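Just so it is clear, the model here is predicted, and its values are computed rather than measured.
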Amino acid sequence: MNALIDCIHCYLKQAVSCMEMANIPDERKKEVLYELMDFIKTLNPQDSPAYNSSLVLLKTYEIIQNNDPYYSAKKQSNALALELFESVRKKVFESKDPLYESLKAAVAGNVIDLGIKREFDIESELSHAFDFGFSIDDYPLLKKKLQNSKNIVIAGDNAGEIVFDKVLVEVLNQMSKNVYYIVKTKPILNDATLEDAKEVGMDKVATIVETGLGLLGIPKEFVSSQLKQLILNVDIVISKGQANFESLDEFEEIQDNIFYLLKIKCEYLAKKLNFKHGDLVLINGENLKKRK
């Protein structure tokens, strides 16, 4: 997915969010934003929004001299989600279809996105997801593919959200699947890192694999060769969130094995793919191609 003019204001919103987290004074924020505007002119519009966002964020970190402004917020998100973990897990495992309900819980966790929106109501999002499910729903196809699959990759997204992904992993474990969970090697926004995975116990139920990077998404050109080969060779990839959505389409040869699980937060993306803003989506990569 290529970046567009619509993406520029989001780059700046993310930069402002970073500075809010780092308690940068307003006057200094203006100076940083003016500097970033010049930097944004140098970006390649052929690159993905996730990659260009990463470059803007890393430039922001450099300017404000803080390489992890979301550190405390990530801790708070994990703690909040962990408070809800047992009740969500109970609801999922007592349902008629734990796999389907665990996917709903996982997508509800995608609301914990501090890059653009710094306020969220996770309990409300969970209730909505459980009650209404997916606007685009390729669950029957995923369930069918899982019958003959052993090795599953989940491309993780945010801290906090990772807790609800853990419920999904536990369901897959119960189905005798081997699960690999991808996290970032270095901090970027509020994306989950190895520290977050260990903090919520994900390392107890899945094999943790790092990207080797501190970039949003999973850019095929830059991730570790180990991760690239894993993605190309597993049976199914479940991709969480928009940045992974924007970058995993680079793995063109395996789109039939990728299922994108996210809440649509970008109005441009909603228009382009005929989604609605706020939709909860579970869509196979091949079916996604037909919408582009």
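Judged by distance alone, the side chain of Lys177 and the main-chain N or O of Ser149 form a donor-acceptor pair under 3.5 Å. Proximity of a side-chain donor or acceptor of Asn78 to a complementary backbone N or O of Gly160 within less than 3.5 Å is detected. The backbone N or O of Met202 lies less than 3.5 Å from no partner atom in the side chain of Lys166, so there is not a single donor-acceptor pair. Glu246 contributes a side-chain N or O that, together with a main-chain N or O of Ala50, makes up a donor-acceptor pair within less than 3.5 Å. Side-chain N or O atoms of Asn287 include none that pairs as donor or acceptor with a backbone N or O of Asp138 at under 3.5 Å. Asp279 contributes no side-chain N or O that, together with a main-chain N or O of Val281, makes up a donor-acceptor pair within less than 3.5 Å. For Ser54 (side chain) and Leu216 (main-chain N/O), a donor-acceptor pair under 3.5 Å exists by modelled atom type. Proximity of a side-chain donor or acceptor of Asn284 to a complementary backbone N or O of Ile258 within less than 3.5 Å is detected. Of the possible donor and acceptor atoms, none in the side chain of Asp235 sits under 3.5 Å from a partner among the backbone N and O of Ile152. Looking only at distances, a side-chain donor or acceptor of Lys240 sits under 3.5 Å from a matching main-chain atom of Ala106.
No more than 12 heavy atoms of other residues, nucleotides or ligands lie within 6.0 Å of CD in Gln226, so this atom counts as exposed by the packing criterion.
Evaluated for a salt bridge (charged side-chain N to carboxylate O under 4.0 Å, His left out) with Glu195, the options Lys186, Lys75, Lys74 yield exactly one hit, Lys75. Screening Leu172, Ile182, Val237 against Ile154 for a side chain to side chain contact (heavy atoms under 4.5 Å, CB included) leaves a single residue, Leu172.
Remark: Leu232 engages Lys228, Gln229, Phe251, Glu253, Ile254 in a side chain to side chain contact (heavy atoms under 4.5 Å, CB included) (not counting sequence neighbours). Legend: residues meeting side-chain hydrogen bond (donor to acceptor under 3.5 Å, both in side chains) with Tyr181, ordered by chain and number and at least two apart, are Asp165. The side-chain hydrogen bond (donor to acceptor under 3.5 Å, both in side chains) search around Lys96 returns none, not counting sequence neighbours. Under the side-chain hydrogen bond (donor to acceptor under 3.5 Å, both in side chains) criterion, Asp38 pairs with Lys41, not counting sequence neighbours.
Going from atom CE of Met21 over to atom CG of Asp68 covers 11.0 Å, rounded to the nearest 0.5 Å. Here the straight-line distance linking atom CG of Asp191 with atom CG of Asp196 works out to 9.5 Å at 0.5 Å rounding. Note that CG of Leu261 and CG of Leu282 are 5.5 Å apart. Values are rounded to the nearest 0.5 Å. Here CG of Asn67 is found 13.0 Å from OG1 of Thr60. Values are rounded to the nearest 0.5 Å. Separation of atoms CG (Leu288) and CD1 (Ile283) is listed at 5.0 Å; rounding is to 0.5 Å. The CE atom of Met175 sits 8.5 Å away from atom CD of Gln147, with the distance rounded to the nearest 0.5 Å.
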(request) Applying side-chain contact (heavy atoms from CB on, under 4.5 Å), run through Phe93 and Gln174 and close with a yes or a no. (result) CA-CA 10 Å; Phe93 277 93; Gln174 196 173 72; 3.6 Å; yes
(message) With side-chain contact (heavy atoms from CB on, under 4.5 Å) as the criterion, how do Ile238 and Val153 come out once you've worked through the C-alpha distance, each side chain's angles and the decisive distance to 0.1 Å?
(response) CA-CA 6 Å; Ile238 298 174; Val153 157; over 6 Å; no
(message) Would Val92 and Phe130 count as a side-chain contact (heavy atoms from CB on, under 4.5 Å) here? Give the steps.
(response) CA-CA 9 Å; Val92 165; Phe130 283 132; 4.3 Å; yes
(request) For side-chain contact (heavy atoms from CB on, under 4.5 Å), just list the numbers for Ile236 and Leu142, CA-CA rounded to whole Å, side-chain angles, deciding distance to a tenth of an Å, and then say yes or no. (result) CA-CA 9 Å; Ile236 291 174; Leu142 173 59; 4.0 Å; yes
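A pairwise comparison of heavy atoms in Tyr61 and Pro187 identifies CE2-O, 4.1 Å as the closest pair. Residues Pro69 and Ala22 approach most closely at CB-CB, 4.2 Å, considering heavy atoms. The shortest non-hydrogen separation linking Leu36 to Ala15 is CD1-CB, 3.5 Å. The shortest non-hydrogen separation linking Tyr51 to Leu215 is CE1-CD1, 4.1 Å. Taking both residues in full, the closest heavy atoms of Ala206 and Val169 are given as CB-CG1, 4.0 Å, listed atom of the first, atom of the second, then distance. Heavy-atom minimum distance, Ala197 versus Ile162: CA-CD1, 3.7 Å.
A salt bridge links Asp26 to Lys29: at least one charged side-chain nitrogen sits closer than 4.0 Å to a carboxylate oxygen. Using a cutoff of 4.0 Å between basic side-chain nitrogens and carboxylate oxygens, Lys184 and Glu210 are not scored as salt-bridged.
Two residues are said to be in side-chain contact when any heavy atoms from C-beta on lie closer than 4.5 Å; Leu55 and Lys59 fail this criterion. For the pair Leu141/Phe259, a side-chain contact is recorded, criterion being any heavy-atom separation below 4.5 Å from C-beta on. Two residues are said to be in side-chain contact when any heavy atoms from C-beta on lie closer than 4.5 Å; Val56 and Gln14 fail this criterion. Between Leu194 and Thr185 there is no side-chain heavy-atom pair separated by less than 4.5 Å. Annotation: side chain of Ser135 is not in contact with side chain of Phe275 (no heavy-atom distance under 4.5 Å). Annotation: side chain of Leu99 is in contact with side chain of Tyr139 (closest heavy-atom distance under 4.5 Å). The closest side-chain heavy-atom distance from Thr211 to Val183 is not below 4.5 Å. Taking 4.5 Å as the limit, some side-chain heavy atom of Leu58 sits within range of a side-chain heavy atom of Ile188.
In the hydrophobic clustering of ILVMFWY residues, with side-chain heavy atoms under 4.5 Å counting as a link, Ile64 and Tyr71 come out apart.
Sorted by first and then second residue, the salt bridge (charged side-chain N to carboxylate O under 4.0 Å, His left out) pairs involving residues 139-156 (not counting sequence neighbours) are Asp97-Lys143, Lys145-Asp256.
A side-chain donor-acceptor contact under 3.5 Å links Tyr70 and Ser17. Residues Asn244 and Asp157 bring no donor and acceptor atom of their side chains to less than 3.5 Å of each other. Under 3.5 Å, the side chains of Tyr260 and Gln242 contain no donor-acceptor pair of N or O atoms.
Ring geometry, Phe134 versus Tyr100: the interplanar angle falls from 30° to 60°, so the pair is classed tilted.
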Show every donor-acceptor pair shorter than 3.5 Å between a side-chain atom in residues 80-90 and any protein atom, with sequence neighbours excluded, or say none if there are none.
from  : atom 1 : to     : atom 2 : distance (Å)
Ser87 : OG     : Leu84  : O      : 2.9
Arg89 : NE     : Glu170 : OE1    : 2.4
Arg89 : NH2    : Glu170 : OE1    : 3.2
Lys90 : NZ     : Glu94  : OE1    : 3.3
Lys90 : NZ     : Glu94  : OE2    : 3.2

